[in-house]
Amino acid sequence: MKMSMGQRLLGFAVAGAALMTGGAAFAERGQPAPWEYKLQESGSVVMDNIEWFHNVLLVIITVITLFVLALLITVMVKFNARANPTPSRTTHNTLIEVAWTLIPVLILVAIAVPSFRLLFLELDVPKADLTIKATGKQWYWTYTYPDNGKFEFDSLLACDETRKKCTEPRLLTVDNEIVVPVNKVVRVQTTGADVIHSFAVPAFGIKIDAIPGRLNETWFKAEKVGMYYGQCSELCGKDHAYMPIAVRVVEDKDFVAWVEAAKKKYASAKDKTFASAGEDAAR
Ligand SMILES: [Cu+2]
């Protein structure tokens with residue numbers, strides 16, 4: 001039996017839908033999922049706004065594209081040489097010219113308003129409950145907690161394809177995670193120790209360059225406890241793909257306990273790393 005084109009297309013559509021829903025079954029907040037075609041599930045108010053803006057733009061773009069497509073088809077059908085052998089000699093139509101200038105301007109202004117609002121939300125760091133400094137290095141991150149008795153630690157890739165037994169997300173898991181309390185404003189300051197890196201965590205809607213000799217800052221407020229992953233997002237050398245970012249969001253009391261443990265755990269490295277941090281800044 002030969003399948004018609006329609007049947008074949010339907011088959012592809014069903015297979016595609018099955019793959020996507022199958023992929024969605026693996027989806028977990030804070031990390032990418034197989035066959036994911038949407039944005040990662042939001043974990044902060046900034047990402048909620050980015051998602052909203054993205055969806056609004058998608059509607060506007062779709063309407064414009066369909067409108068232009070309809071115009072093109074109309075022109076092709078109605079005004080081809082066969083259907084319209086003697087073309088009109090019209091070269092100007094003031095009304096249409098004003099309309100096709102003014103309407104796009106109005107659309108752009110309408111887009112600009114929420115766009116700037118979102119930009120200010122991202123850039124205007126609210127009063128922070130906690131500051132973390134992330135220093136990008138070739139090829140790992142060093143995190144400093146200046147508010148909580150000043151401790152600092154390195155965070156390196158812990159799970160790659162060479163470690164077969166790894167059950168954690170591959171290429172995203174690190175040895176020492178960033179730990180932050182839930183529902184608290186976390187200010188993230190970034191800098192680079194060698195080349196330009198970029199600190200990005202999709203679920204929080206943050207991505208900011210870590211530039212040597214400069215201190216950039218951004219912020220997030222995680223709304224749910226859990227693990228959130230990101231990656232360096234600036235091509236920074238051969239192991240650029242192997243310097244993930246892992247953020248563990250915990251309840252307040254767990255955070256306090258972790259800070260106490262971390263201060264002891266990272267204390268031995270403290271003097272050394274703070275000295276080298278000074279050198280980095282001087283470079
Ligand atoms: Cu990097």
Side-chain angles (χ1 to χ4, degrees), residues 28-33 36 39-40 42-44 46-47 50 119 122-123 125 128 130-146 151-163 166 168-180 186-220 222 226-249 262 266 269-270 272-283:
E28 212 174 299
R29 190 184 308 107
Q31 56 177 279
E36 191 171 54
L39 298 170
Q40 270 185 38
S42 167
S44 78
V46 168
M47 192 57 195
I50 292 176
L119 206 58
E122 289 172 346
L123 291 179
V125 182
L130 172 71
T131 300
I132 296 172
K133 183 179 160 204
T135 308
K137 298 182 176 171
Q138 283 176 318
W139 287 272
Y140 61 97
W141 293 93
T142 296
Y143 300 115
T144 313
Y145 283 65
F151 59 91
E152 182 174 271
F153 58 90
D154 295 337
S155 180
L156 279 83
L157 178 74
C159 190
D160 60 21
E161 48 272 273
T162 59
R163 300 180 192 209
C166 218
E168 300 298 317
R170 193 178 70 92
L171 298 180
L172 291 175
T173 307
V174 299
D175 53 358
N176 297 315
E177 297 148 352
I178 305 171
V179 178
V180 297
V186 180
R187 169 171 47 200
V188 182
Q189 298 186 322
T190 64
T191 188
D194 33 44
V195 298
I196 303 177
H197 301 267
S198 178
F199 186 90
V201 183
F204 296 150
I206 54 174
K207 176 179 282 180
I208 190 144
D209 277 358
I211 303 170
R214 261 178 73 169
L215 196 66
N216 278 347
E217 66 176 15
T218 186
W219 69 282
F220 66 88
M227 281 304 303
Y228 297 83
Y229 296 97
Q231 286 171 309
C232 175
S233 297
E234 178 68 64
L235 199 49
C236 61
K238 86 173 174 47
D239 284 350
H240 160 65
Y242 306 104
M243 48 182 297
I245 296 155
V247 184
R248 182 182 294 280
V249 179
Y266 304 121
K270 184 178 156 186
K272 182 176 71 68
T273 46
F274 266 91
S276 72
E279 280 163 29
D280 290 341
R283 236 190 276 164

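Numbers here simply count residues along the sequence, with the first being 1. Computed over heavy atoms, backbone and side chain alike; hydrogens, waters and symmetry mates excluded. Indexing begins at 1, ligand by ligand and atom by atom, following the structure's order.
Side-chain contact check for F204 versus V186: every heavy-atom pair is 4.5 Å or farther apart. At least one side-chain heavy atom of P32 sits under 4.5 Å from a side-chain heavy atom of L172. Side chains of M243 and C236 form a contact here, defined as non-hydrogen atoms less than 4.5 Å apart.
Below 30°, between 30° and 60°, or above 60°: for Y145 and F151 the angle between ring planes is below 30°, a parallel geometry.
In summary, Q138 places no N/O/S atom under 2.8 Å from the Cu ion (ligand 1), failing the contact criterion. Look at C236 and the Cu ion (ligand 1): an N/O/S atom of the residue is under 2.8 Å from the metal.
Within H197, ND1 is the N, O or S atom that lies nearest to the Cu ion (ligand 1).
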